[in-house]
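The block underneath contains the structure these notes are about, expressed in C-alpha cells.
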There are 2 protein chains.
Amino acid sequence: MSDTPQGHQSKRPRVTIVDVANGAGVHVSTASRALNPGTSHRISSKVVRKIEKVAEQLGYKRNSLASSLRTQKTGTIGLIVPNLSDPLFSPIIASVEERVAEDGYVTFVANSDYSPVKLRSIVERMSSQFVAGLVVASFELNDPSVELCLELGIPTVAVLRDPRHSRMSSVAMDDAAGVQAMVEHVLDLGHKDITYVTPPLAASTAQNRLAGFNAATRLAKAAGCRFDVIEARAYDVVEGERIMGHMLASGLTSTAVLAFNDLLAVGCLVALKSAGVACPEQISLAGVNDLPFMNLLSPPLTTLHTAGRDLGFESADLLMSLIKNHSQPVKRILLTPHLVLRGSTGPARKPGSSSDPSAIVIQSDPISV
Amino acid sequence: MSDTPQGHQSKRPRVTIVDVANGAGVHVSTASRALNPGTSHRISSKVVRKIEKVAEQLGYKRNSLASSLRTQKTGTIGLIVPNLSDPLFSPIIASVEERVAEDGYVTFVANSDYSPVKLRSIVERMSSQFVAGLVVASFELNDPSVELCLELGIPTVAVLRDPRHSRMSSVAMDDAAGVQAMVEHVLDLGHKDITYVTPPLAASTAQNRLAGFNAATRLAKAAGCRFDVIEARAYDVVEGERIMGHMLASGLTSTAVLAFNDLLAVGCLVALKSAGVACPEQISLAGVNDLPFMNLLSPPLTTLHTAGRDLGFESADLLMSLIKNHSQPVKRILLTPHLVLRGSTGPARKPGSSSDPSAIVIQSDPISV
DNA sequence: GTGAAAGCGCTAACAA
DNA sequence: TTGTTAGCGCTTTCAC
C-alpha cells in the first residue's frame, strides 16, 4: 500500500459557506443555520429564502468533510462482503445501497476475501473514516471483529450471518428450517440414502444448515434411512466438481445429494454429466440460494430461494434504526427461505436397480428451461 | 431523502495526534511529520521511533476527515455502475476495489439505475465528498456528466463505455470487432439469414456492436445473404423473451439470431424452448459477455467473453496514474473480446427444409454441461 | 432571530 | 531537525 493518496484540484476555487454568507449579507453562522434542515426554523423564513437563493446561484455545495469533522457524524455506511464476485451478494449490495440512500447515506464497499484478518483491518479503516454504521456479511463463527465493532461503538448489522452469542443484531435466512424442508422433500420422493455436502464450518450458515440436515435425519433414521455428510474445502463450482468426482469414484450409494449452496451443486452436476450419470434419474441434486440462471440449467436446479434483496433491505433498514437509536434492543431477524422445486430432484430409483446407467429407466418429464 | 445522517459515538474518546505528541514529549507538528510517510524523513529516526511507539501504545488512528480537510485530498474513489445487480458488473466492482486498495484507496459504489439524471446527482455528491477519482460505467452517449466530470477536474475513467468525442480516458471492449467475429462465425456455419437484436442506442456499446454487425453484413450482403436488425426496449431476460416471442409470431425467417448481450440471448432461448423451436437445429443463438453459468445452459450459449476483471483492473490502474499525473494524455484502451463457441450455434438448416419442427433433422453433437 | 468566537484534528508554511 | 502559528470549512455554544 502506498500511503499518499491524492485528491483532485477543482478547476475553480470551491464556493464556501462564507461566500454564501457574504453574498447574502449575513453572518456565516446564520448561513449555516439556514442551510441546515435541523436549525433553519430558528431563522426568519425571509432570510432563509435569501440565503438559499444565493447558495443556489453560487453553486454552493456543503463540504461534508468539514461538516463531519465538526459534528463527528458522517453520511457514510460501510458494507463488507466476503466475495464481491459471488452473485449471491449482488442483490444485497444493490438493496443496501438503495435503502441507505433513502436516508441520505452513501455506501463504502469492501471485500474481506473470507479472511478474518482482512476483515479486521477493513473494520478498523472504516472506523477511522467515521462510518456511521456497518453492514457485514463476512463474520465467521466467533469472529473477533464482532466484538471489535461492538467495542468501537459502531452500529453494526450482520447479514447472512448470525453471531448468536453476541450483542449484535443480524438478518439471515432460516437455514436450518430450509435444509430441513429440503430433506423432507427428497424423503417424500422416496429417497432413503441421502448425502449432504457441507463446506468447512467456519460460518454460521454452514453450521445452521448442517444442524438442519441433522435434525431432519434424526427423525428419518428410525425409518431405516441412511444419511451421510461430506465436507468440502470451499464454496465454489470447482470444488463441487471435485467432490462429486471423488464421491463417484469411491462408490457413492446415495440417490440424493444436497449441497450447501448452488455453486457446489452446479459443480456436482458438471461432474455427474461428465461421468454419464443421469440427474435426476440416478441421482437427485439440490442446492441453496437460487442464484440467477439456476432455473435454466439442464436439469433446472431444485434449490432454496435466498431473497437477497430482502436481506439487504432488512439489514440496511435495521442499521438505519440502530443509527437513530443506539440503545435499541438487539434484534435477530430470520427470513424463511422457500423451496424451489425444479428438475434436478426426482423420484428415487427403484430399489434393486443397480447404479449401472444402462439399467436405469429414464422417467423424467422434461422440465423446459 | 432525510438530511441528517448521524454518526456513531465511540465509547472511549478518540486518541488524537495531540495525545501522541504529549506522550512523546514533542510538538504536534513533529508528531504529524513523523507519522506521515512523506515527511518522516525530516525527523530524526530516533524521535520517529519514539513517536511511533507511543502512537502504537495509545492506539492512535489518524482522523482522515481532518487530514483530508486540511490537505484537500481524500483516499476515496467513486465507482458508478448502471445496475448493481447485473452480474456483468460484479467482477468489475471487485477488481476496481482490489486495484485501488493497493494504492490505499477505498471505494464508494453507487447505482445510477440507467438514469443520466441520477448519474449527475451521484457525480455531484461524490465530488462534494472529495473523491480523488471516478470510475464510471454509466455514461450514455453524449452524456452531459462526462463534461461535468471534466469541468469539476475530477480524474475520471469511463469503463465499458467510450465517450469518443470527449477528453476522457476509457477502457472498453472492442465491441465492433467482437460482433464482427460473431457474424463471421455464423456465416461460416452456412447461415444466410441473420437477425441482430439491439437495445436502444443510448450507450456506446449498443452503437459499437450495431456498427460491427453492419460492417460485417456489408461484405456478406453481396453474397446474397439477408440481415435484419430488431430493436429491444431493454437489456434483460424478460425483454429477450418478449422479443423472440414477437419475432416467432411474426414469421421469423432468420436461422441465426445474435443478441446484444447474454441476458437478451437467454430470454430468446427461453422463448424458443417454450415455442418448441430447437436450438441450434432450427435457430442458432449467440450472446455477448459470457456471464457465469452460460456454459451450463442447455444448449450452452455461444458468446463473446467480456473480461470483467481485466476491465476493472485496467480502468482502476488508469485512474491511479491519472490521479498521480493529471496532465496525462487521454488514453482509450480497447480489450479484444474472444469468441466462446458453444452449443447454441450450429450449422444452418438445409435450404428447402421448412421451419416446421417435424421436418428438422436433429444433428447436433450434444455438448455436455 | 442573528452575530461573535471558538474549535473539530490535522498539516504546512515560516521560523529558529 | 524541531517548534510556532495559522487555517482547511463547518457548526455551535454563548451572547445580545
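Throughout, a chain's letter reflects where its sequence line sits, starting with A, and its residues are numbered from 1.
- Contact check on R14(A) versus D19(A) returns no salt bridge, with no Lys/Arg side-chain nitrogen under 4.0 Å from an Asp/Glu carboxylate oxygen.
- The side-chain contact (heavy atoms from CB on, under 4.5 Å) test with Y60(A) singles out one residue from V54(A), L35(A), I51(A), and that residue is L35(A).
- With a cutoff of under 4.0 Å to any heavy atom of chain B, the contacted region of DNA chain C is bounded 5' to 3' by dG9(C) to dA13(C).
- The pair R49(A)-E52(A) fails the salt-bridge criterion, with no side-chain N (NZ, NE, NH1 or NH2) lying under 4.0 Å from an Asp/Glu carboxylate O.
- Atom pair K46(B):NZ and dT2(D):C1' shows a separation of 15 Å (rounding to whole Å applied).
- When only modelled atom types and interatomic distance are considered, E147(B) and S166(B) share no side-chain donor-acceptor pair under 3.5 Å.
- S67(B) comes within 4.0 angstrom of the backbone, heavy atoms only, and of no base.
- Within the 4.0 angstrom heavy-atom criterion, base atoms lie near R33(A).
- For the residue pair S68(B)/T74(B), the side-chain donor-acceptor check at 3.5 Å is not satisfied.
- As judged by a 4.0 angstrom heavy-atom cut-off over every strand, S44(A) is placed among residues touching the sugar-phosphate backbone only.
- Protein atom CZ of R70(B) is 16 Å distant from nucleotide atom P of dT5(D), rounded to whole Å.
- Comment: K53(A) does not engage E56(A) in a salt bridge, judged by the lack of any side-chain N to carboxylate O separation of less than 4.0 angstrom.
- Between the CG atom of N63(A) and the C1' atom of dC10(D) there is a distance of 8 Å, rounded to whole Å.
- Atom CZ in R42(A) sits about 13 Å away from atom C1' in dA15(D), given to the nearest Å.
- For the pair R309(B) and E98(B), the salt-bridge criterion is met [side-chain N within less than 4.0 Å of a carboxylate O].
- Against DNA chain D, the stretch residues 18-30 of chain B makes heavy-atom approaches under 4.0 Å through V26(B), H27(B), S29(B), T30(B).
- Under the side-chain contact (heavy atoms from CB on, under 4.5 Å) test applied with V28(B), the options I17(B), N22(B), T16(B), V20(B) reduce to a single match, I17(B).
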